[in-house]
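Worth knowing before you read on, the calculation uses all heavy atoms, side chains too, and leaves out hydrogens, waters and symmetry mates.
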Amino acid sequence: MQTRVTTGAGPRIHSICIGRPLPCNAQLRSKVTSFPRLRFLSPAPPLQQNTVTVHAGSDSELELAVFRFTLGIPGFDDTFIPRVVGSFGILILIANHLLGPDTVSDTQTRSEIFAAVLATICIASPTIEARLKELEPGRGRQAAPQEVQGAISTFAIADSVLEEQKQELAWASYALLRNTNTCGVAVFRGQQAVMARGALGPAANADGPQACLQALSKAQSSIKSQVTMDTSKDGGQVAYLQDNGALSSAGAQSWAGLVPTGVNSILMCQGATSSDNGVLLVLLSDRPRAWSRRERLWGLAVTEKLENSMRCMA
């Protein structure tokens with residue numbers, strides 16, 4: 001919108017902007033010259049790149065590239081870099097102390113103690129980080145593995161389960177696989193396996209879903225006889241085999257082909273019902289100490305929910 005104002009020097013046109021102000025050419029030139037000139041060049045190819053497309057409007061979209069630089073050493077997790085640095089620091093500190101003078105000053109002693117403390121913190125930081133991530137549900141969640149050693153991917157639900165109960169089983173297993181470090185889920189009701197999903201052992205290689213469940217049903221008696229369940233204050237029972245040592249002590253590899261060789265921890269939750277129709281939830285993970293305390297309580301709550309929904313099963 002423009003207005004014409006007449007003065008003694010002649011007509012003069014003033015620009016009146018409504019909405020976003022439009023700077024004049026002189027203002028644009030001053031803004032451009034006030035910043036250093038930038039050249040947008042293509043960066044060197046990173047080791048890992050994730051591209052995210054953000055829709056800014058109906059006719060435009062903005063692509064954001066997130067780069068993550070790693071050492072690129074095959075088989076080496078970058079989270080252990082502080083541990084390597086701390087180990088080298090300890091070695092250098094020891095070498096410096098041995099090659100130094102026989103008489104050590106108080107200043108050098110304090111410096112060596114301070115360096116030893118820093119190196120110890122670096123060595124312990126990966127473990128501390130892992131424990132802190134386990135404090136809240138989902139915080140320790142890692143990317144699902146492409147393949148678990150010795151595992152077969154399956155999804156089977158018993159035909160005797162009602163349609164509403166099939167939906168409960170499907171959503172419960174999906175939530176556990178999606179939000180925790182679980183790679184395989186098996187649900188037993190009494191002596192029968194009613195659902196199997198995810199990465200399971202050789203029993204999942206049976207001919208058809210129902211044959212798979214029949215093969216897994218044999219594992220229930222082995223679990224009952226070889227695993228001691230701890231009673232929860234809420235009435236249910238939980239057994240947590242957190243590493244390979246606990247798996248070996250419980251004889252997990254002999255559970256009728258339920259557990260693949262790549263599994264490093266198992267969580268079992270038994271509902272409050274002590275009858276033969278009680279629900280047993282078995283979770284498998286490819287990493288040790290996969291579930292935090294809150295996640296174990298959540299697994300017990302899911303078990304009780306499934307038990308309540310399956311009481312009317314034919």
Side-chain angles (χ1 to χ4, degrees), residues 46-50 66-98 107-149 175-184 198-199 230 232-233 238-250 252 259 261-269 283-302:
L47 294 177
Q48 296 182 4
Q49 176 179 352
N50 297 327
V66 180
F67 300 96
R68 180 186 176 188
F69 295 94
T70 64
L71 293 181
I73 301 176
F76 180 77
D77 191 353
D78 288 338
T79 57
F80 294 107
I81 292 178
R83 181 168 295 173
V84 175
V85 173
S87 301
F88 275 110
I90 290 290
L91 294 177
I92 294 174
L93 183 62
I94 294 175
N96 180 72
H97 183 79
L98 295 177
T107 303
Q108 182 178 350
T109 301
R110 288 192 296 267
S111 300
E112 290 180 350
I113 294 175
F114 182 70
V117 171
L118 291 180
T120 304
I121 294 175
C122 289
I123 294 174
S125 60
T127 304
I128 296 174
E129 179 186 6
R131 297 298 176 269
L132 290 176
K133 286 183 177 180
E134 293 177 356
L135 294 179
E136 298 181 10
R139 292 297 300 273
R141 179 73 168 90
Q142 292 184 348
Q146 297 294 330
E147 182 179 358
V148 178
Q149 183 179 0
L176 291 168
L177 290 170
R178 179 72 176 177
N179 299 308
T180 66
N181 292 306
T182 303
C183 66
D230 298 327
S232 173
K233 63 179 181 180
V238 177
Y240 183 30
L241 308 179
Q242 62 180 359
D243 51 26
N244 285 325
L247 295 180
S248 300
S249 300
V259 182
T261 57
V263 165
N264 291 312
S265 59
I266 298 177
L267 175 63
M268 288 167 287
C269 301
L283 305 181
L284 311 178
S285 178
D286 61 300
R287 57 178 296 199
R289 296 178 296 274
W291 301 276
S292 66
R293 180 179 179 276
R294 292 185 180 181
E295 290 171 330
R296 297 196 294 270
L297 293 177
W298 182 39
L300 182 59
V302 172

- Message: Treating N264 as the side-chain partner and D286 as the backbone partner, does any N or O pair qualify as donor plus acceptor under 3.5 Å?
- Response: yes
- At what distance, to the nearest 0.5 angstrom, does CD1 of I81 lie from SG of C122? 11.5 Å
- Task: Looking only at non-hydrogen atoms, find the nearest pair between E112 and N96 and report the distance.
- Result: OE2-ND2, 4.2 Å
- From L283 atom CG to L177 atom CG, the distance as rounded to the nearest 0.5 Å: 8.5 Å
- Note on the structure: Separation between CD (Q242) and CG (L247), nearest 0.5 Å, reads 10.0 Å
- Could you tell me which non-hydrogen atom of T180 sits nearest to which non-hydrogen atom of W291, and how far apart they are? OG1-NE1, 3.9 Å
- Task: Could you check if a side-chain atom of I123 sits within less than 4.5 angstrom of a side-chain atom of S87, using non-hydrogen atoms only?
- Result: yes
- Query: Is a donor on one side and an acceptor on the other found under 3.5 Å between the side chain of S285 and the backbone of S265?
  - Reply: no
- Do the side chains of R289 and Y240 get nearer than 4.5 Å, heavy atoms only? yes
- Closest heavy-atom contact between L300 and C269? N-SG, 3.7 Å
- Note on the structure: Looking only at heavy atoms, the pair that brings I266 and V259 closest together is CD1-CG2, 3.7 Å
- Separation between CH2 (W298) and CG (N179), nearest 0.5 Å, reads 4.5 Å
- Message: Which heavy atom of A290 sits nearest to which heavy atom of N181, and what is that distance?
- Response: O-ND2, 3.0 Å
- For the residue pair P126 and R83, what are the closest heavy atoms and their distance? CB-NH2, 3.8 Å
- Within a strict 4.5 Å, meaning less than it, do heavy atoms of the V148 and L284 side chains meet? no
- To the nearest 0.5 Å, tell me how far F80 CZ sits from T127 OG1. 7.5 Å
- Considering only heavy atoms from C-beta outward, does the side chain of E295 approach that of T182 to under 4.5 Å? no
